[in-house]
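Values reported hereafter were calculated over all heavy atoms of this structure, with side chains retained and with hydrogens, waters and symmetry mates removed. Letters go in sequence order (proteins before strands), and every chain restarts at 1.
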Protein chains: 2
Amino acid sequence: MADRPPYLVIASAIRARIASGELAPGDRVPSTRALTREWGVAMATATKALATLRQEGLVRPEPGVGTVVVRQSAHGSGPAASALSRERIVRAALDIAIAEGLPGLTMRRVATALSTSTMALYRHVPGKGELVRLMTDVACGEVPLGPVPADWRTGLERAAHWLRDVYTRHRWMAQAMASFTRPIASPNAMAYTEWVLKVLRGTRLGPGDKLHVHLMIFAFVQGIAMAADLEEQAKQDSGISDDEWMSQNESRFDAIAGPGDLPLLHTLAAEGDFELDLDSLFAFGLRRTLDGIAALIDETSA
Amino acid sequence: MADRPPYLVIASAIRARIASGELAPGDRVPSTRALTREWGVAMATATKALATLRQEGLVRPEPGVGTVVVRQSAHGSGPAASALSRERIVRAALDIAIAEGLPGLTMRRVATALSTSTMALYRHVPGKGELVRLMTDVACGEVPLGPVPADWRTGLERAAHWLRDVYTRHRWMAQAMASFTRPIASPNAMAYTEWVLKVLRGTRLGPGDKLHVHLMIFAFVQGIAMAADLEEQAKQDSGISDDEWMSQNESRFDAIAGPGDLPLLHTLAAEGDFELDLDSLFAFGLRRTLDGIAALIDETSA
DNA sequence: ACCTGAACACCGTTCAAGT
DNA sequence: ACCTGAACACCGTTCAAGT
């Protein structure tokens, strides 16, 4: 007992306070910062403790509030457990994937969230692969694309933002990747492709180039989405943010990227007075991409 | 026995012919097409049978030749098994990942390839995560980038092709994604970033924009790489190619994308007279991307 | 008709025990 | 010093058995 890893000891302590009712559903559990003070541990350890509880479904991060205790509706006398359905399964799976990414999505976990046995899921869904496919389709169907603008540039801009928003709401999708070469994968993803093609209707681009334009934007957004998901995953795994990680490893960074080896990168890191987040990268890249496409469209119609 | 899945029956039959020596190392095993005729099964089944044998390391696809029997050096009197080392482990892991993608890479599989126990690996490598990181670094270090050209456009073009080539040789990297926000991940990946920054030295872009240019190209290539890996994975899993898949599912495609629902996409699919492969998408996208960056550089220096 | 427990064939990794 | 077997805590999925 004495030798258990500190993060487990901390997690147990909080778990006990929840079980005893001292911390009720909706209450905030101590923040990571509070835990570092209270237990004299590093941020990484405190975050890992909370991550453990979140993994168990006991607590949930509430943006702008902190980490709060989850209502234990499953075993209590909550709303009568409705009948299992494909829709409810997909919904539960989406909630898990949104919160914890695709690695956190397991059939057992979905079953637990719906308080059934794992195997009951297989009555409504042939397997995990198909479940992810269904999730993708739902994710692409959440927000309508709206009417197609007359101007191709406005249209492509809107399309790219729509896609980026889907990936932002569903960062797990970066790993799943909505298939655009295999249409059956998702009718809603296909509807997006159709929308983009409609946007380009007025241009004189050939059919192949229209598809290229669509896929080029898609690849770019997908690449950014992967970076975002990886970052978030690393953050959740290690419990340290990118910034913290950077400063923690500055010495190691210097070791491989001393002024001698990678001078430009080193200067860039040392200055660090520019914004480097994925949102601004998206804005930057989209602008250049559209400029490049504009050049093609201009020369095509000339 | 009679009820075993056909692909396992076929695999066993071939396995027996290898064991008996009828098929010696280097010999071609029957092609998938030959198997479909011989056993009266679908292509998917034949491919799955061969995939099973490849999984076991018994056979190996030899490009331009067919599937050939692998020399069983491990148990035979082959070259004396050299001592385990981090380098040999990374090399073996790379071979597996290249052949079968990241899902096929397991610690047990690496150990088997090196004829040791799984746990012996942990003496040289702290875990799978670090192994993949080391693999990424090796992959990025295989081909030198060469001298930095004076012209930024030539430089970026070369950089993008270099990156694309890395991903082509190592399609598994699409899933691992070389981290460019976390430099420690790979010195060789960092060297690439440095190279790109050097390419942009002559331009008047700000430090943030230089990084944006680099990451924009990276995201695009990464997105294409993911598509390529997914396609290959699906091909290996199901044993059917994209074309075959498309024609098999044409009716299903028509169902969701009849002329009424997705008319443009439908027309595109019906015509199909354009090239849609990832290489041409890469060429197209790179051209537009560089045009867009040119527009920015022009206005910046004006 | 619907659900489930036990089991299978896997994972990555820990740990105590071997040589 | 180096390697290993057994075990742990997981996966997705099959299947026979329950209600």
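Per the geometry, CZ belonging to A/R108 stands 13 Å off P belonging to C/dA6, to the nearest Å. Rounded to a whole Å, the CG atom of B/L105 is 11 Å from the P atom of C/dT13. D/dG12 atom C1' lies 15 Å from atom CD1 of A/I96, rounded to whole Å. In this structure, B/R86 places its CZ atom 14 Å from P of D/dC2, rounding to the nearest Å. Rounded to whole Å, atom P of C/dG12 lies 18 Å from atom CZ of B/R133.
Base pairing in DNA chain D gives the following stems of 3 or more Watson-Crick or G-U pairs, range against range and under 3.5 Å: C:4-8 with D:12-16, C:12-16 with D:4-8.
Between B/T106 and the phosphate of C/dC11, there is a side-chain N or O to OP1/OP2 separation shorter than 4.0 Å.
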*Please assess B/M173 against B/V166 for the test side chain to side chain contact (heavy atoms under 4.5 Å, CB included), listing each intermediate value before the final yes or no.*
CA-CA 9 Å; B/M173 255 183 60; B/V166 172; 3.8 Å; yes
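The residue B/M119 sits close to a base: some heavy atom pair falls under 4.0 Å. Contact annotation for A/L121: no contact, since no heavy-atom pair falls under 4.0 Å across all strands.
DNA chain C lies under 4.0 Å from at least one heavy atom of each of the following residues of residues 122-130 of chain A: A/R123, A/H124.
Partners of A/A99 under the side-chain contact (heavy atoms from CB on, under 4.5 Å) rule, at least two apart in sequence or in another chain, do not exist in this structure. Every residue meeting the side-chain hydrogen bond (donor to acceptor under 3.5 Å, both in side chains) condition with A/R91, not counting sequence neighbours, appears here in chain and number order: A/D95. For the side-chain contact (heavy atoms from CB on, under 4.5 Å) test, residues two or more places apart in sequence or in another chain that qualify with A/D229 are A/R171, A/A174, A/Q175, A/Q233. For the side-chain contact (heavy atoms from CB on, under 4.5 Å) test, residues two or more places apart in sequence or in another chain that qualify with B/S117 are B/M119, B/A120. The side-chain hydrogen bond (donor to acceptor under 3.5 Å, both in side chains) check on A/R169 picks up A/E142, with sequence neighbours excluded. Taking the side-chain contact (heavy atoms from CB on, under 4.5 Å) definition, one finds that B/S85 meets it with B/E87, B/R88, sequence neighbours left out. Shown here are the side-chain hydrogen bond (donor to acceptor under 3.5 Å, both in side chains) partners of A/R86, two or more places apart in sequence or in another chain: there are none.
Comparing D/dC11, C/dG12, C/dT4 against the side chain of A/A120 picks out C/dT4 as the nearest.
B/L94 is listed as a side-chain neighbour of B/H170, based on a closest heavy-atom distance under 4.5 Å.
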